Every structure is written in structure tokens, then in C-alpha cells.
Engineer: 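Okay, here's the structure, questions in a sec.
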There are 2 protein chains.
Amino acid sequence: MSANSRLTIAAHALAWIGLYQRQGHEVATSEQIATSANTNPVVIRRLLGELRRAGLVESRRGAGAGWSLARELGTMTLLDVYEAVEPGPLFAMHRTTPDQGCVVGYGIQPTMQSIYEGIEETLRHELARVTLEDVLRDVLAAPR
Amino acid sequence: MSANSRLTIAAHALAWIGLYQRQGHEVATSEQIATSANTNPVVIRRLLGELRRAGLVESRRGAGAGWSLARELGTMTLLDVYEAVEPGPLFAMHRTTPDQGCVVGYGIQPTMQSIYEGIEETLRHELARVTLEDVLRDVLAAPR
DNA sequence: TTAGTTGCAACTTTCATTGTTACGACTGTG
DNA sequence: CACAGTCGTAACAATGAAAGTTGCAACTAA
């Protein structure tokens with residue numbers, strides 16, 4: 001599966017902003033976050049832009065600009081983040097329509113679709129059980 | 001998420017072979033399955049090759065060659081298929097190592113890793129609940 | 001006014017999957 | 001034994017998504 005790292009990077013960014021704010025800073029810049037995540041600031045801005053549309057963060061422009069949390073980390077779950085940054089479904093159907101004249105080709109897509117929907121629902125429940133507060137706590141608890 | 005269709009196509013192929021055998025045929029060819037799935041026979045042979053390594057199907061060479069099930073559909077779950085055809089993890093880490101000098105950069109990977117492992121375990125349980133017999137039954141029950 | 005940062009478009013790079021072609025290996029049938 | 005049909009597999013092209021990069025206009029605190 002060609003997994004992408006969007007969820008991971010988004011969680012990283014949120015935890016970073018949250019910690020930075022707890023240290024007394026107002027806003028964090030995409031440059032700082034990109035340095036921590038070892039990637040390009042534009043990648044971070046794109047991701048945070050999606051999180052802003054989902055109401056998880058806010059941005060300020062101009063000098064002394066940057067990003068801040070729109071809600072407490074404890075009220076944000078990985079499901080919120082997942083829905084903000086992951087567009088498509090977990091499993092894909094055939095890239096081309098299967099032979100509709102064949103019994104299997106005809107019935108396979110609705111069948112798999114319904115199975116996949118159930119599985120994705122379970123996945124959502126799992127993601128909803130973890131808050132970003134949990135993530136930050138675990139991050140800080142990592143042994144040095 | 002760039003979902004791929006390997007699990008879907010593999011389930012399609014297994015259901016097709018299973019149904020074909022119930023109609024009294026010994027083996028199914030990659031050509032026939034490819035026609036039903038509307039793809040290339042080599043794609044099917046590659047996938048079935050992975051399923052053979054996992055002990056789900058058998059192949060016969062020479063004239064009158066083709067593929068047959070190694071086990072009953074009722075004893076095969078989507079988890080068996082998933083493990084046979086999906087190599088990587090569901091979610092990826094950063095593509096480059098995050099800044100190990102940063103507290104978040106240092107702790108984020110172990111943290112997310114452990115969360116993802118729990119989620120994948122749940123996913124496996126869900127996949128294990130569905131047999132290929134279930135899939136074929138649903139496929140045949142699709143309204144015309 | 002200036003410096004620092006976001007917002008965003010456009011493009012390139014990278015990578016996995018899928019699709020395609022080609023051909024040797026194998027084996028049942030006549 | 002020759003032949004036809006199919007698998008097994010390598011090599012390569014095509015496709016598409018994500019990530020990385022560059023450039024610059026817009027904005028705003030100082």
C-alpha cells in the first residue's frame with residue numbers, strides 16, 4: 001500500500017505548535033515546524049492550510065505572523081486530523097469497470113464497497129480514540 | 001490516501017475461480033480472469049503468484065493449464081489475502097528523519113508507530129471476519 | 001517604510017502501481 | 001514427438017499521487 005505520511009506530519013505539526021505555545025510563545029512559523037519535521041515549509045503550510053479549513057488551527061499574516069491552535073489539543077482527535085488531510089478511501093476499486101456481463105464482474109464492486117465501508121467505520125472509531133493531547137504526552141514521555 | 005486496488009482484484013480473482021470451479025471446471029486461466037476484471041493477464045498472474053506463495057491457490061502449467069483454489073473459500077479470509085498482497089504498513093512515517101535534536105522530532109516516530117500498530121491490529125481483526133465465501137455469496141446476491 | 005511571514009500557483013522530482021511486450025519453460029493432446 | 005496453450009518472469013512504459021521546490025504577491029507589526 002502506498003501509504004502517505006500526511007497524517008504523521010500533521011500530527012507532528014500540531015504537537016509542535018501545542019508544545020511551543022505551552023512554552024509561552026504566541027505563534028509558530030512554518031519554517032520552525034519544517035525544520036523539526038525535516039521537510040519544506042511550503043509542505044507544512046499546505047498541510048496546516050487544510051487543518052485551518054477544518055477549524056483545528058488559525059494563522060496570522062504579516063510580520064510576527066505564524067500558526068496557533070484553534071482548539072485545545074485535548075479536544076482534537078486523530079480522526080479530525082485524518083478527515084482534514086486524507087481525501088480518498090482506504091481501499092480502491094478496480095481502475096477500470098469490470099465486465100458487467102460477468103456475474104462476478106457485476107457484483108464485486110458493491111460487495112467490496114460495503115465491506116470496505118464497514119472497515120473504514122471501524123478505523124474512524126480507532127482514530128477518534130486518540131487525542132492530540134495523548135500524542136504530545138507520549139512524545140514527551142519518550143526516553144532520552 | 002493513494003489506495004491501491006490489489007486487495008479488490010485479488011478478491012475478484014478468488015471469487016471468480018471459486019465460482020468457475022463450482023460450475024464443474026478444473027482450472028481457470030489468467031486470461032479469463034483478466035477479462036472479467038478488465039485488466040491485463042500479467043497483472044492477474046502476478047497477483048495470483050503472490051496468493052500461491054501464501055498457499056491460497058495452485059497453478060498448473062503446460063497445455064490445459066490454469067489456476068485452482070488450494071483451500072475452500074470458506075476457510076480463506078480477507079486478512080489472508082491482505083497479508084499476501086499488501087506489503088507495507090497502512091500509514092507511513094516521515095520520508096526523511098525528523099530533527100532528533102527537537103523533542104517532538106525525537107519522540108514523534110515511536111509515538112505514531114505504536115498508535116498505528118494498534119490501528120492495524122484492529123484492521124486485521126476486521127479483515128479476518130470476512131471469508132471469501134462471504135464475498136462470493138454477496139456477489140451472487142447482487143440484484144440484476 | 002521595512003522586514004518577516006503567509007497564501008498560493010506552477011513546476012519538478014520521486015515513487016509505487018499498473019499496464020504492456022516478449023519470450024522461455026512446461027505439459028496435455030493428437 | 002511436434003504442437004498448441006498457458007504459466008513464470010523480466011524488462012520497460014505509462015499513469016498518478018505525494019512531496020519537494022521556486023517565486024512572488026499580499027499582508028501587517030514595529
Side-chain angles (χ1 to χ4, degrees), chain A residues 1-10 12-13 17 20 25-35 37-53 57-68 70 82 84-98, chain B residues 1-10 12-13 17 20 25-35 37-53 57-68 70 85-98:
Chain A
M1 167 149 307
S2 86
N4 60 29
S5 58
R6 301 166 71 81
L7 183 58
T8 303
I9 306 283
H12 185 147
I17 299 173
Y20 198 58
H25 302 90
E26 288 265 324
V27 297
T29 69
S30 61
E31 176 85 35
Q32 295 171 314
I33 301 168
T35 298
N38 194 11
T39 180
N40 191 293
V42 176
V43 173
I44 299 296
R45 291 207 285 271
R46 275 202 292 243
L47 264 179
L48 288 179
E50 297 176 51
L51 296 184
R52 182 184 46 213
R53 262 169 251 127
V57 300
E58 290 167 350
S59 67
R60 192 188 299 176
R61 305 180 71 171
W67 303 82
S68 53
Y82 178 80
V85 304
E86 299 281 2
L90 207 51
F91 300 105
M93 286 298 126
H94 311 62
R95 296 167 65 143
T96 56
T97 306
Chain B
M1 165 150 309
S2 85
N4 61 27
S5 58
R6 300 166 71 83
L7 182 58
T8 303
I9 305 284
H12 185 148
I17 299 172
Y20 197 59
H25 302 90
E26 288 264 325
V27 298
T29 69
S30 61
E31 176 86 36
Q32 295 171 313
I33 301 168
T35 299
N38 192 13
T39 183
N40 193 293
V42 176
V43 172
I44 299 296
R45 289 207 286 272
R46 276 201 292 240
L47 264 179
L48 289 178
E50 298 176 49
L51 296 183
R52 181 185 46 214
R53 263 169 250 129
V57 300
E58 290 166 348
S59 65
R60 193 186 299 173
R61 304 180 71 170
W67 303 83
S68 54
V85 303
E86 299 282 1
L90 206 50
F91 300 105
M93 286 298 125
H94 310 61
R95 296 167 67 148
T96 56
T97 306

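For clarity, every value in this text was computed on a predicted model and none was experimentally measured. Chain letters run A, B, ... following the sequence lines, proteins first, then strands; residues in each count from 1.
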Engineer: Rounded to the nearest Å, what distance is computed from the CD atom of residue A:Glu86 to the C1' atom of nucleotide D:dA17?
Structural biologist: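 For the pair A:Glu86 CD and D:dA17 C1', the rounded distance is 12 Å.
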
Engineer: Mind telling me whether B:His12 and A:His94 have parallel, tilted or perpendicular rings, with 30° and 60° as the class edges?
Structural biologist: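 Perpendicular, since the angle between the ring planes exceeds 60°.
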
Engineer: Quick check for you: to the nearest 0.5 Å, what is the distance between B:Ile33 atom CD1 and B:Ile9 atom CD1?
Structural biologist: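 Rounded to the nearest 0.5 Å, the CD1-CD1 separation comes out at 11.0 Å.
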
Engineer: Taking 4.0 Å as the cut-off, does a side-chain nitrogen or oxygen of B:Ser5 come that near to OP1 or OP2 on C:dT17?
Structural biologist: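 Negative; the distance criterion is not met.
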
Engineer: Between C1' on C:dG19 and CD1 on B:Ile9, what's the gap in Å once rounded to a whole number?
Structural biologist: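 Rounded to whole Å, this separation is 12 Å.
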
Engineer: Starting at CD of A:Glu58 and ending at C1' of C:dG7, how long is that distance when rounded to a whole Å?
Structural biologist: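 After rounding, the gap between these two atoms is 17 Å.
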
Engineer: Using the ring of each side chain (for Trp, its six-membered ring), is B:Phe91 parallel, tilted or perpendicular to A:Tyr82, with breaks at 30° and 60°?
Structural biologist: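 Rings of B:Phe91 and A:Tyr82: perpendicular, as their planes differ by over 60°.
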
Engineer: Any side-chain N or O of B:Thr29 under 4.0 Å from OP1/OP2 of D:dG5?
Structural biologist: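 Checking B:Thr29 against D:dG5: no side-chain N or O falls below 4.0 Å of OP1 or OP2.
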
Engineer: Quick one: on DNA chain D, does A:Val43 or A:Gly64 contact a more 5' nucleotide (nearest heavy atom)?
Structural biologist: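 Looking at the nearest nucleotide for each, A:Val43 comes out on the 5' side.
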
Engineer: Using atom CG of A:Asn40 as one end and atom P of D:dG23 as the other, report the distance to the nearest whole Å.
Structural biologist: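 Distance, rounded to whole Å: 12 Å.
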
Engineer: Do nucleotides 8-16 of chain D as a string where each nucleotide becomes B, S or -: B if the base has a protein heavy atom under 4.0 Å, S if just the sugar-phosphate does, - if no protein is that close.
Structural biologist: BBBB-----

Engineer: What is the distance, to the nearest angstrom, from the CG atom on B:Asn38 to the C1' atom on C:dG19?
Structural biologist: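 Going from B:Asn38 (CG) to C:dG19 (C1'), I get 12 Å.
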
Engineer: In whole angstrom, what separates A:Glu26's CD from D:dA29's C1'?
Structural biologist: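 Going from A:Glu26 (CD) to D:dA29 (C1'), I get 12 Å.
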
Engineer: Looking at B:Thr8, is its backbone amide N or carbonyl O close enough to the side chain of B:Ser5 to form a donor-acceptor pair, meaning the two atoms are under 3.5 Å apart?
Structural biologist: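 Judged by distance alone, no pair lies under 3.5 Å.
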
Engineer: Could you state the CG-C1' distance from A:Leu51 to C:dG7, rounded to the nearest angstrom?
Structural biologist: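 Distance, rounded to whole Å: 15 Å.
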
Engineer: Given atom CG of A:Leu47 and atom C1' of C:dT6, what is their separation to the nearest angstrom?
Structural biologist: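 Computing the A:Leu47:CG to C:dT6:C1' distance gives 15 Å.
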
Engineer: Base, sugar-phosphate, or nothing for B:Ala63, non-hydrogen atoms under 4.0 angstrom?
Structural biologist: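 B:Ala63: base contact, heavy atoms under 4.0 Å.
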
Engineer: If you round to the nearest 0.5 Å, how far is CZ of B:Arg6 from CD of B:Glu50?
Structural biologist: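 Rounded to the nearest 0.5 Å, the CD-CZ separation comes to 4.5 Å.
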
Engineer: How long is the span from the OG1 atom in A:Thr29 to the CZ atom in A:Arg60, to the nearest 0.5 Å?
Structural biologist: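 Reported value, rounded in 0.5 Å steps: 12.5 Å.
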
Engineer: Out of curiosity, B:Thr39 OG1 to B:Leu47 CG, how far, rounded to the nearest 0.5 Å?
Structural biologist: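 The OG1 atom of B:Thr39 sits 9.0 Å away from the CG atom of B:Leu47.
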
Engineer: For A:Gly66, report the nucleic acid contact type (base, sugar-phosphate, nothing); a contact means any heavy atom under 4.0 Å.
Structural biologist: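 Sugar-phosphate only.
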
